Amino acid sequence: MNLMKSLIPAAAIVALPQMGLAQEATPGEAAQHTQYIFTTLLFLMAGFLVFFMAAGFAMLEGGLVRSKNVAMQMIKNIALFSIAAIMYWLVGFNTMYPGDFNGFFALGGPTVLDAVGVAPADAALDYASIGSDFFFQLVFVAATASIVSGAVAERIKLWPFLVFVIVLTGILYPISGSWKWGGGWLDAMGFSDFAGSTVVHSVGGWAALAGCLILGPRIGKYKDGKVHPMPGSNLALATLGTFILWLGWFGFNGGSQLAMGTVGDVSDVSRIFANTNMAAAAGAVAALIMTQLLYKKPDLTMVLNGALAGLVSITAEPLAPTLFGALWIGAVGGIIVVFAVPMLDKFKIDDVVGAIPVHLFAGIWGTIAVIFYGEANLGTQLLGIAAYGVFTFVGAAILWTILKATVGIRVSEEDEINGLDMAELGMEAYPEFSKG
């Protein structure tokens with residue numbers, strides 16, 4: 001295209017539309033259109049990377065639960081993403097981004113996309129298309145629901161869980177998300193969370209913690225004062241899920257630059273990619289070393305969660321740190337997981353996949369770590385952590401309690417022993433291995 005244009009006299013440029021080529025814009029218009037186009041492209045590319053994290057969560061959970069519950073985790077994950085997509089269109093997106101807003105809550109209506117073939121004069125040329133922005137934000141809310149799914153696995157009923165997802169994705173997450181990303185009160189105070197260590201991950205962790213406490217542990221997990229391990233069905237699948245999540249995180253953090261129309265923006269996205277990768281690697285290595293030192297043998301599940309904790313830790317500020325900064329921030333996240341998992345067991349909090357240590361504890365750490373490189377102060381960061389914690393934990397606890405008192409949230413003892421695949425779905429993920 002550039003070569004063809006160079007061979008055409010300037011006076012003939014106006015005739016290019018008849019040749020099937022776009023009419024040349026003025027320099028100012030061209031720059032503005034380029035920013036709009038490339039930022040929209042960034043949202044779409046980052047969005048489908050984050051969407052693929054849904055597969056990562058499904059594989060991770062499918063590998064860490066016992067074989068009798070794998071199909072249940074698969075249906076929960078595809079259902080929760082689909083519900084999140086509908087709820088975020090219906091009320092979530094416009095609740096989270098209500099326009100001029102600096103308060104606590106503004107209920108929005110359904111999302112309306114740009115018109116087909118929208119003209120430049122009618123497009124948000126200073127930002128991106130509505131469709132790309134909506135899609136990019138949508139896949140974040142689905143990730144929040146996936147965090148809860150793994151923590152409460154192997155003993156929760158399907159439909160009450162999905163009712164919880166409706167409220168979490170349509171109301172709880174959008175309201176709290178508006179406080180920072182929607183220009184609300186925490187944003188006005190200077191609270192900093194670049195891609196969601198607190199806004200996304202801690203919110204999912206707090207909701208998961210409330211669910212685990214109200215649901216109770218699995219049968220036989222804590223017996224006679226001892227913790228009885230319940231190994232997952234397929235650690236190869238769990239490892240695949242971790243790598244998929246690691247891949248998707250490049251979209252999660254890189255897309256949160258929210259702009260790709262300048263040299264500086266593109267360079268920053270590449271910096272975010274490098275820091276994100278370093279934090280994950282450091283989290284995995286830290287967990288690998290710590291489990292060797294503590295247990296005399298490395299623990300694969302801890303290493304997997306160490307990588308994820310490193311990713312969560314860097315998510316609050318993946319741009320500003322140096323590579324060394326990303327390394328030590330991620331390493332601390334990996335160490336947190338190694339100590340937090342047995343700590344939860346001491347309190348008899350049964351988190352099947354380690355979602356609470358990874359997403360809540362490492363999310364809190366990552367939000368605090370912003371003060372070392374980003375423009376934030378400790379008091380404001382702690383206030384934001386507390387605000388999200390209180391709102392989400394209390395809201396989720398009330399909802400879990402209502403569901404427990406009305407329709408019940410836990411399967412019967414017999415169904416839990418036999419497995420949720422047959423009890424809730426009437427099918428098995430691995431039927432050839434069934435006793436029948």
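Source: prediction; values computed, not measured.
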Colleague: As a quick check of understanding, evaluate side-chain contact (heavy atoms from CB on, under 4.5 Å) for Leu213 and Phe347, giving each step before the final call.
Modeller: CA-CA 10 Å; Leu213 289 172; Phe347 289 101; over 6 Å; no
Colleague: According to the side-chain hydrogen bond (donor to acceptor under 3.5 Å, both in side chains) rule, which pairs have a member within residues 78-92, sequence neighbours left out?
Modeller: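 side-chain hydrogen bond (donor to acceptor under 3.5 Å, both in side chains) check on residues 78-92 returns no pairs.
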Colleague: What do you reckon, is CE of Met427 surrounded by more than 12 foreign heavy atoms closer than 6.0 Å?
Modeller: no
Colleague: Under 4.5 Å between any side-chain heavy atoms of Ile385 and Ile368, yes or no?
Modeller: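 Result yes, sub-4.5 Å side-chain heavy-atom pair found.
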Colleague: List the steps, then state whether side-chain contact (heavy atoms from CB on, under 4.5 Å) holds for Leu158 with Leu425.
Modeller: CA-CA 9 Å; Leu158 175 62; Leu425 307 180; 4.3 Å; yes
Colleague: Give me the atom names and distance for the closest heavy-atom approach of Leu294 to Val338.
Modeller: CD1-CG1, 3.6 Å
Colleague: Taking the side chain from Ser202 and the backbone from Ser197, do they hold a donor-acceptor pair closer than 3.5 Å?
Modeller: yes
Colleague: Could you measure the distance from the CD1 atom of Ile83 to the CD1 atom of Ile78? Nearest 0.5 Å is fine.
Modeller: 11.5 Å
Colleague: Just wondering, do Leu311 and Thr276 contact through their side chains at under 4.5 Å, heavy atoms?
Modeller: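 Yes - at least one pair of side-chain heavy atoms lies under 4.5 Å apart.
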Colleague: What's the spacing between Leu237 CG and Thr242 OG1 if we round to 0.5 Å?
Modeller: 10.0 Å
Colleague: Check for a donor-acceptor pair, side chain of Thr95 on one end and backbone N or O of Gly108 on the other, with a separation under 3.5 Å.
Modeller: yes
Colleague: Between Leu403 and Ile409, what is the shortest heavy-atom contact and its length?
Modeller: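 Of all heavy-atom pairs spanning Leu403 and Ile409, the closest is CB-CG2, 3.6 Å.
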Colleague: Roughly how far apart are Leu113 CG and Phe135 CZ, rounded to 0.5 Å?
Modeller: 12.5 Å
Colleague: For the side chain of Gln137 and the backbone of Val139, is there at least one donor-acceptor N/O pair under 3.5 Å apart?
Modeller: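 Checked: no pair found.
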Colleague: Under a 4.5 Å cut-off applied to non-hydrogen side-chain atoms, are Ile147 and Phe57 in contact?
Modeller: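 Contact flag for Ile147/Phe57 side chains = yes.
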Colleague: To the nearest 0.5 angstrom, please state how far the CG atom of Leu382 sits from the CD1 atom of Ile371.
Modeller: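 Going from CG on Leu382 over to CD1 on Ile371, the span is 8.0 Å.
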Colleague: Say whether, by atom type as modelled, one donor and one acceptor occur between the side chain of Asn377 and the main chain of Gly379 under 3.5 angstrom.
Modeller: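 Confirmed, Asn377 side chain pairs with Gly379 backbone.
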Colleague: Parallel, tilted or perpendicular for Phe393 and Trp206, by the 30°/60° rule?
Modeller: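 Judged by the thresholds at 30° and 60°, the geometry between Phe393 and Trp206 is perpendicular.
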Colleague: Carefully, step by step, assess Phe43 and Tyr127 under the rule ring pair (Phe, Tyr, Trp, His ring centres under 6.0 Å).
Modeller: CA-CA 11 Å; Phe43 285 162; Tyr127 191 51; 5.5 Å; yes
Colleague: Let me see the working for Tyr222 and Asp345 under side-chain contact (heavy atoms from CB on, under 4.5 Å), right down to the final yes or no.
Modeller: CA-CA 8 Å; Tyr222 308 111; Asp345 282 333; 2.7 Å; yes
Colleague: Does the gap between the ring centers of Trp365 and His201 come in under 6.0 Å?
Modeller: no
Colleague: Atom NZ in Lys221, atom CG in Asp350: separation rounded to 0.5 Å?
Modeller: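 These two atoms lie 5.5 Å from each other.
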Colleague: So among Arg155, Lys68, Arg410, which one has a side chain to side chain donor-acceptor pair (under 3.5 Å) with Glu416?
Modeller: Arg410
Colleague: Give the minimum heavy-atom separation between Pro110 and Asn94, together with the two atoms involved.
Modeller: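 Answer, listing the atom of Pro110 first, then Asn94: O-ND2, 3.0 Å.
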Colleague: If the threshold is 4.0 Å, N to carboxylate O, is there a salt bridge linking Arg66 and Glu154?
Modeller: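 A salt bridge is present here (some side-chain N lies under 4.0 Å from a carboxylate O).
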Colleague: With side chains defined as the heavy atoms from C-beta onward, is the minimum distance between Asp265 and Thr39 less than 4.5 Å?
Modeller: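 They are not in side-chain contact.
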Colleague: So do the side chains of Thr392 and Leu172 get within less than 4.5 Å of each other, counting heavy atoms only?
Modeller: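 Counting from C-beta outward, Thr392 and Leu172 never come under 4.5 Å.
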Colleague: For the residue pair Val148 and Ala207, what are the closest heavy atoms and their distance?
Modeller: CG2-CB, 3.8 Å
Colleague: Could you list the residues that satisfy salt bridge (charged side-chain N to carboxylate O under 4.0 Å, His left out) with Lys180, not counting sequence neighbours?
Modeller: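 In terms of salt bridge (charged side-chain N to carboxylate O under 4.0 Å, His left out), with neighbours along the sequence ignored, Lys180 is linked to Asp187.
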Colleague: Could you tell me whether the side chain of Phe140 reaches within less than 4.5 Å of the side chain of Val199, counting heavy atoms only?
Modeller: no
Colleague: Backbone N or O of Ala423 within a donor-acceptor pair of the Asp415 side chain at under 3.5 Å?
Modeller: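 Not at all, since once roles are kept as given, no pair shorter than 3.5 Å links the two residues.
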Colleague: Is there a donor-acceptor pair under 3.5 Å between the side chain of Ser233 and the backbone N or O of Gly62?
Modeller: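 Such a contact is found between Ser233 side chain and Gly62 backbone.
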Colleague: What's the separation between atom CD1 in Ile86 and atom CZ in Phe81, rounded to the nearest 0.5 Å?
Modeller: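 Spacing of CD1 (Ile86) from CZ (Phe81) equals 11.0 Å.
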Colleague: Please find out if less than 6.0 Å separates the ring center of Phe93 from that of Tyr97.
Modeller: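 Ring-ring flag for Phe93/Tyr97: true, centres closer than 6.0 Å.
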Colleague: Between Arg271 and Leu323 (side chain of the first, backbone of the second, donor and acceptor by atom type, cut-off under 3.5 Å), is there such a pair?
Modeller: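 Not a single qualifying donor-acceptor pair exists.
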Colleague: For atom CZ of Phe243, decide whether the heavy atoms of other residues, nucleotides or ligands shown that lie under 6.0 angstrom number more than 12.
Modeller: no
Colleague: Do Val312 and Trp249 have side chains that approach each other closer than 4.5 Å (heavy atoms only, starting at C-beta)?
Modeller: yes
Colleague: Side-chain contact, heavy-atom cut-off 4.5 Å: Phe194 with Asn253?
Modeller: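 Counting from C-beta outward, Phe194 and Asn253 never come under 4.5 Å.
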Colleague: What do you reckon, are the aromatic ring centroids of Trp179 and Phe391 less than 6.0 Å apart?
Modeller: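 Yes, the ring centres sit under 6.0 Å apart.
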Colleague: Give the C-alpha distance, both sets of side-chain angles, the deciding distance and a yes or no for side-chain contact (heavy atoms from CB on, under 4.5 Å) between Glu375 and Ser192.
Modeller: CA-CA 8 Å; Glu375 296 181 0; Ser192 181; over 6 Å; no
Colleague: Main chain of Ser176, side chain of Tyr388: is a donor-acceptor contact present, judged purely on distance under 3.5 Å?
Modeller: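 Side chain of Tyr388 to backbone of Ser176: a pair is present.
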Colleague: Nearest heavy-atom pair of Met72 and Lys157: which atoms, and what distance?
Modeller: CE-C, 4.0 Å
Colleague: Determine yes or no for a side-chain-to-main-chain donor-acceptor pair under 3.5 angstrom, with Asp268 supplying the side chain and Leu319 the backbone.
Modeller: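 Such a contact is absent between Asp268 side chain and Leu319 backbone.
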Colleague: Would you say the side-chain atoms of Ser256 pair up with the backbone N or O of Phe252, donor to acceptor, closer than 3.5 Å?
Modeller: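 A pair under 3.5 Å: yes.
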Colleague: Between Ser146 and Leu80, which heavy-atom pair has the shortest distance, and what is it?
Modeller: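 Heavy-atom minimum between the residues: OG-CD1, 3.4 Å.
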